[in-house]
Amino acid sequence: MAKGSVLTPQAEDFPRWYQDVLAKAELAENGPVRGTMVIRPYGYSIWERIQAEIDARIKECGAQNAYFPLFIPESYLRREAEHVEGFSPELAVVTHAGGEELAEPVVVRPTSETVIGEYMAKWIQSYRDLPLLLNQWANVVRWELRPRLFLRTSEFLWQEGHTAHVSQADASAYAMRIHHEVYDDFLRDVMAVPVQLGIKTTRERFAGATNTMTCEGMMRDGKALQMATSHELGQNFARAFDIKYLGDDGAEHLCFTTSWGASTRLVGGLIMAHGDDQGIVVPPRLAPIQAAVLCVRDQPELAEVAERLSGELKDAGVRVHVDHRSGSFGRRVTDWELKGVPVRVEIGPRDLAEGLVTLARRDSGEKQTVSIESVAAVLPRILEEIQAELLASSIRRRDAATAEVSTLDEAMEAGRDGFARIPWSAIGEDGEATLNAKTLSVRCLQRPDGSLPESADEEDLVAVVARSY
RNA sequence: CGGGGAGUGGCGCAGCUUGGUAGCGCGCCUGCUUUGGGAGCAGGAGGUCGAGGGUUCAAGUCCCUUCUCCCCGACCA
């Protein structure tokens with residue numbers, strides 16, 4: 001019979017809930033070395049869906065995938081002053097290999113601007129080679145003092161795009177395009193997470209960038225999570241790595257470069273943006289399993305129907321999984337709830353006698369019985385409904401936890417468990433330091449209407465203040 | 001690095017004050033009964049008590065050393 005809740009309730013202890021759900025939904029666990037993460041098959045299947053969606057959008061924007069090495073000469077990092085300063089505290093450096101001390105230490109990439117810059121310089125000769133649009137899927141290492149599975153681990157998986165352009169305007173436009181058409185679009189349309197778009201303050205900017213754009217999502221505990229970033233690097237890296245082209249004017253020019261990334265942190269964002277006390281909730285468009293088919297009892301007639309329905313659903317384009325496990329019905333139901341599968345198709349003897357099956361929605365808990373013949377037609381519609389409802393409820397929750405304020409004190413109050421929007425002019429760099437002292441920060445600067453500014457110099461920018469992960 | 005906790009079967013914990021045959025819950029295995037929201041009963045497997053040293057007839061328990069992990073503050077996707 002039913003027992004107490006499987007997870008620590010969110011309201012009681014949100015970090016504990018997060019750890020519980022990672023374990024119970026079989027998403028990930030700690031690796032043997034502090035800060036490392038083992039991503040379990042179900043967790044990884046979610047990441048694979050994220051990759052597929054983001055990868056398709058990146059290619060739509062014209063970038064091509066390539067792969068650069070994990071090991072980078074330490075000297076490369078040093079060529080860009082701000083870059084090395086920003087990353088040196090979290091670098092993993094290999095000093096010994098092959099049984100000997102290395103002549104030049106090798107760093108494990110914390111990001112690949114430097115190596116890629118070196119090769120861009122080699123590949124780019126003329127303006128006809130531009131823009132050069134590259135992306136790579138890789139692991140990177142940033143030694144973390146306070147790791148949290150998916151959110152902040154010493155090694156993580158990500159996608160990093162690197163591009164080179166003829167002009168500031170081109171570079172800027174492309175970075176912005178990626179930000180809108182890859183990240184914002186994916187987060188909203190697939191992950192059902194509405195984000196605050198904006199640019200980072202100088203303090204929060206990527207090491208070596210001239211401008212950093214961010215997508216800030218709100219988690220269920222009111223804290224912000226940076227879910228993707230895009231950087232304009234100006235000519236900083238072009239200068240450091242000599243990325244030049246011969247223009248149609250016959251003269252040499254330095255390129256303008258960009259970089260942009262999204263990581264396995266998104267899995268953490270998914271968990272915390274939609275999860276509830278029953279487990280995680282995966283939006284249908286993202287879900288590796290959109291429908292789990294399970295039999296109430298272990299009877300051949302039921303299993304037969306399950307197989308038939310599974311085939312029909314596959315034909316209808318639904319990602320379906322038949323649960324063949326034995327064991328109590330309640331146990332299996334709870335498991336799919338923990339894993340956030342959007343719809344359960346439950347086949348029981350009583351329903352079957354009437355030619356019916358039960359469909360149970362993960363988002364609302366709502367159940368309905370439908371005829372067996374209609375399942376394949378009805379289910380895709382329900383999935384789209386769930387997708388829309390998840391986005392709508394996320395927007396409602398975000399709006400309810402977002403306050404428009406005008407003073408620093410009000411921002412510090414409202415930012416404690418939500419977003420506070422305040423004129424940037426009311427904070428300034430001094431105010432930003434004050435916020436940081438209170439574990440708050442300026443997540444981004446945006447226009448009053450919430451849109452993405454072109455630069456921090458625009459008039460009347462609004463700061464989004466919050467606690468963050 | 002600063003402050004606070006904890007190391008005991010796979011997981012979560014008790015036992016330590018007052019040394020004396022290593023326990024509980026969950027999970028796991030077998031069997032039977034079950035299965036419409038984490039089932040019940042019976043039987044069973046599984047532990048050098050983080051590591052090293054010391055005290056003692058005897059150490060999970062007392063003493064010293066050491067390692068690791070977790071939580072809270074200065075950095076980050």
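Proteins come first, then strands; the chains are lettered A, B, ... in the order of their sequence lines, and each starts at number 1.
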Rounded to whole Å, please give me the gap between [atom1] in [X] and [atom2] in [N].
X	N	atom1	atom2	answer
A/K24	B/C26	NZ	C1'	9 Å
A/R443	B/C76	CZ	P	11 Å
A/E155	B/C76	CD	C1'	16 Å
A/N139	B/A77	CG	P	17 Å
A/F87	B/C76	CZ	P	9 Å
A/L302	B/G36	CG	P	13 Å
A/R146	B/C69	CZ	P	15 Å
A/I271	B/A77	CD1	C1'	15 Å

With a 4.0 Å limit, can you tell me whether [X] has a side-chain N or O closer than that to the phosphate oxygens OP1/OP2 of [N]?
X	N	value
A/R297	B/U35	yes
A/S328	B/A39	yes
A/R16	B/C70	no

Would you indicate which nucleotide in [options] comes nearest to any side-chain atom of [X]?
X	options	value
A/D351	B/A77, B/U35, B/G36	B/G36
A/R34	B/G73, B/C70, B/A77	B/C70
A/F206	B/U35, B/C76, B/A77	B/A77
A/Q226	B/C76, B/A77, B/G37	B/A77

task = Assess whether one donor atom and one acceptor atom, taken from the side chain of A/K367 and the base of B/G36, lie less than 3.5 Å apart.
result = no
task = Look at the side chain of A/T358 against the base of B/G36 and say whether a donor-acceptor pair falls under 3.5 Å; ignore hydrogens and angles.
result = yes
Roughly how far apart, to the nearest Å, are [N] and [M] at atom [atom1]?
N	M	atom1	result
B/G12	B/C28	C1'	15 Å
B/U61	B/G3	C1'	28 Å
B/G7	B/G43	C1'	33 Å
B/C49	B/G23	C1'	12 Å
B/G9	B/G15	C1'	15 Å
B/C63	B/C16	C1'	14 Å
B/A6	B/A14	C1'	14 Å

Using Watson-Crick or G-U wobble geometry with both distances under 3.5 Å, which nucleotide pairs with [N]?
N	answer
B/A22	none
B/G60	none
B/C41	B/G31
B/A51	B/U65
B/G2	B/C72

key: Under-4.0 Å salt bridge between A/R325 and A/D335   =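 Looking at A/R325 and A/D335, the cut-off is met.
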ask   = With a 4.0 Å cut-off, would you call A/R361 and A/E385 a salt bridge?
value = yes
query = Under 6.0 Å from the six-membered ring centre of A/F329 and within 45° of its axis: does the NZ or CZ of A/R331 meet both?
reply =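 No, A/R331 does not sit over the ring of A/F329.
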request  = Identify the residue among A/K200, A/K223, A/R398 that makes a salt bridge (Lys or Arg N to Asp or Glu O under 4.0 Å) with A/E216.
outcome  =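 It is A/K200, the one option of A/K200, A/K223, A/R398 that forms the salt bridge (Lys or Arg N to Asp or Glu O under 4.0 Å) with A/E216.
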Sole candidate of A/K24, A/R344, A/R362 that passes salt bridge (Lys or Arg N to Asp or Glu O under 4.0 Å) when paired with A/E337 =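 Output: one option passes, namely A/R344.
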message = Applying a 4.0 Å non-hydrogen cut-off, can you work out what A/G86 is touching in the nucleic acid: base, sugar-phosphate, or nothing?
response =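 Result for A/G86 = nothing.
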query = How would you label the contact of A/T214 with the nucleic acid (heavy atoms, under 4.0 Å): base, sugar-phosphate, or nothing?
reply =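 Counting heavy atoms under 4.0 Å across all strands, no contact is made by A/T214.
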request  = Verify ring pair (Phe, Tyr, Trp, His ring centres under 6.0 Å) between A/H83 and A/F237, making sure each step is shown before the conclusion.
outcome  = CA-CA 9 Å; A/H83 193 64; A/F237 287 86; 4.9 Å; yes
key: Whichever of A/E144 and A/Q19 has its nearest RNA chain B nucleotide further upstream toward 5'   =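 Looking at RNA chain B, the more 5' nearest nucleotide goes with A/Q19.
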inquiry  = Closest-nucleotide mapping onto RNA chain B: is A/R152 or A/R331 further toward the 5' terminus? I mean the 5' end.
reply    =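 In this pair, the answer is A/R331.
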Test side chain to side chain donor-acceptor pair (under 3.5 Å) applied to A/H231 and A/T257, A/T258, A/T212, A/T111, the passing residue =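 Only one option passes, and that is A/T212.
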Residues A/F87, A/F206; criterion ring pair (Phe, Tyr, Trp, His ring centres under 6.0 Å); working and verdict = CA-CA 10 Å; A/F87 279 109; A/F206 176 75; 5.8 Å; yes
inquiry  = Using the six-membered base ring of B/A77, report whether A/F156 stacks on it, requiring centroids under 5.5 Å and planes under 30° apart.
reply    = yes
